[in-house]
Amino acid sequence: MSQYKEGPCGTDTAAAAIAQFLRVKTTGALAVAGAADVELGTMELPALAAGDATVRYRTAAGTVKMVANAAITAGATVYAAAAGKIGASGGLAIGTALEAATADNDVIEVLRDAASNPGAQTIIAAADSGVGSTIQPGVSMVYVDAYTTDANDWIVLPALSSVPNGFTITIVGQAQGNFEMRTPAASAEEINSEDCDGTKEYLFTNTQIVKVIKIDNTIGWMAHGFSAIGAVVAAVVPD
C-alpha cells in the first residue's frame, strides 16, 4: 500500500545497531552512510540493534545534530564523510557548522544548505572512475573543480537505474581545461545515443555549463552545453 510521511522524522528499519546522530542511507534497511552517499537523514535516536529506528530526514526544517570526524571550525562548510560522519572537506557539501568540533566523534549543530538538499557535489576529473570523480545518485548540482592530470581525465554520471526518468543534473565546468564525461564502466549506458562506458566519451569544454537529462534506462542521457553568457553550443557527439 502506498504511503507518505509528514513531518521532520519517521520510522524505518535499521539493519544493525547505529549510533545517534550518524548520517544514514537506505537500500531496504537503514545503514550508515559513506562519504559518497547522499543520506536519507540522521539518526534521531540510537538503534541498539536491528529493528525499528527513528530518522530525522534531510528535508526537515531547522538545524540538525551530526557527528564530526575531526576538528571543524564554527561557520565552516561541512561535507559527507565516512562512517556516517561529517568532515571539513570532501565531495558532497552538507551545510554549515554552527559550532566547533575539536575532535573525532564530537556532536555539533549543522544548518543544512539549500543547495545540499537533495545534493550538491564538487568533483575532480580523474582517470580512475573513483568516488572523487563520480556523480552520486540524487545529486543535481555539480561543480567540476579541476582535473587530476590532463584533458584525458573524466567525470562519471550515476547509473541510469539510480535516478528517475527526466532527472536533470547541472554540471559547471571550472577545471584547468577540457575534460571528458562517461557513464559507469561496463554499463553500456549512453550519452547522446553513444555508448560512453569507456570506449567513447563526451567532450566537456571547460567553462561551459552542461545539462544532462535522463530520458530512460534504454535511451540513456541527453547532454547539452551552454556558454557562460547562456548561448546554446553545438551538440556533442561522443567519440
- Hey, are K200 and E190 close enough for a salt bridge, meaning a charged N less than 4.0 Å from a carboxylate O? no
- Message: Quick test of your reading: applying salt bridge (Lys or Arg N to Asp or Glu O under 4.0 Å), list the pairs with at least one residue in residues 72-87, sequence neighbours left out, ordered by first then second residue.
- Response: K85-D104
- Message: Suppose the criterion is side-chain hydrogen bond (donor to acceptor under 3.5 Å, both in side chains): which pairs have a residue in residues 215-238, not counting sequence neighbours?
- Response: K214-N217
- Message: Is any side-chain heavy atom of I123 closer than 4.5 Å to one of V142?
- Response: yes
- Task: Look only at the side chain of T148 and the backbone of A125, and say whether a donor-acceptor pair between them is shorter than 3.5 Å.
- Result: yes
- Task: Answer with yes or no after comparing the ring centroid distance for Y147 and F179 against a 6.0 Å cut-off, counting only values under it.
- Result: no
- Task: Inspect the surroundings of NZ in K65 and state if more than 12 heavy atoms from other residues, nucleotides or ligands are less than 6.0 Å away.
- Result: yes
- Query: Is R182 salt-bridged to E201, going by a charged N under 4.0 Å from an acidic O?
  - Reply: yes
- Does some side-chain heavy atom of V156 sit less than 4.5 Å from a side-chain heavy atom of T183? no
- Is a side-chain donor-acceptor pair under 3.5 Å present for W154 with S129? yes
- Message: If you define the side chain from C-beta out and look only at heavy atoms, does anything of V55 sit under 4.5 Å from V24?
- Response: yes
- In one Ile/Leu/Val/Met/Phe/Trp/Tyr side-chain cluster, 4.5 Å: M222, F167: no
- Query: Going by heavy atoms in the side chains, are I209 and I171 under 4.5 Å from each other?
  - Reply: no
Contacts table for residues 28-36: side-chain donor-acceptor under 3.5 angstrom, sequence neighbours left out:
none

- Item | Within one Ile-Leu-Val-Met-Phe-Trp-Tyr cluster: V67 and Y79, side-chain cutoff 4.5 Å | no
- Message: Checking the side chain of Q121 only, and the main-chain atoms of M141 only, is there a donor and an acceptor separated by less than 3.5 Å?
- Response: no
- Query: Does R58 offer a backbone N or O that forms a donor-acceptor pair with the side chain of E39 under 3.5 Å?
  - Reply: no
- Minimum side-chain heavy-atom gap F21-T42 below 4.5 Å: no
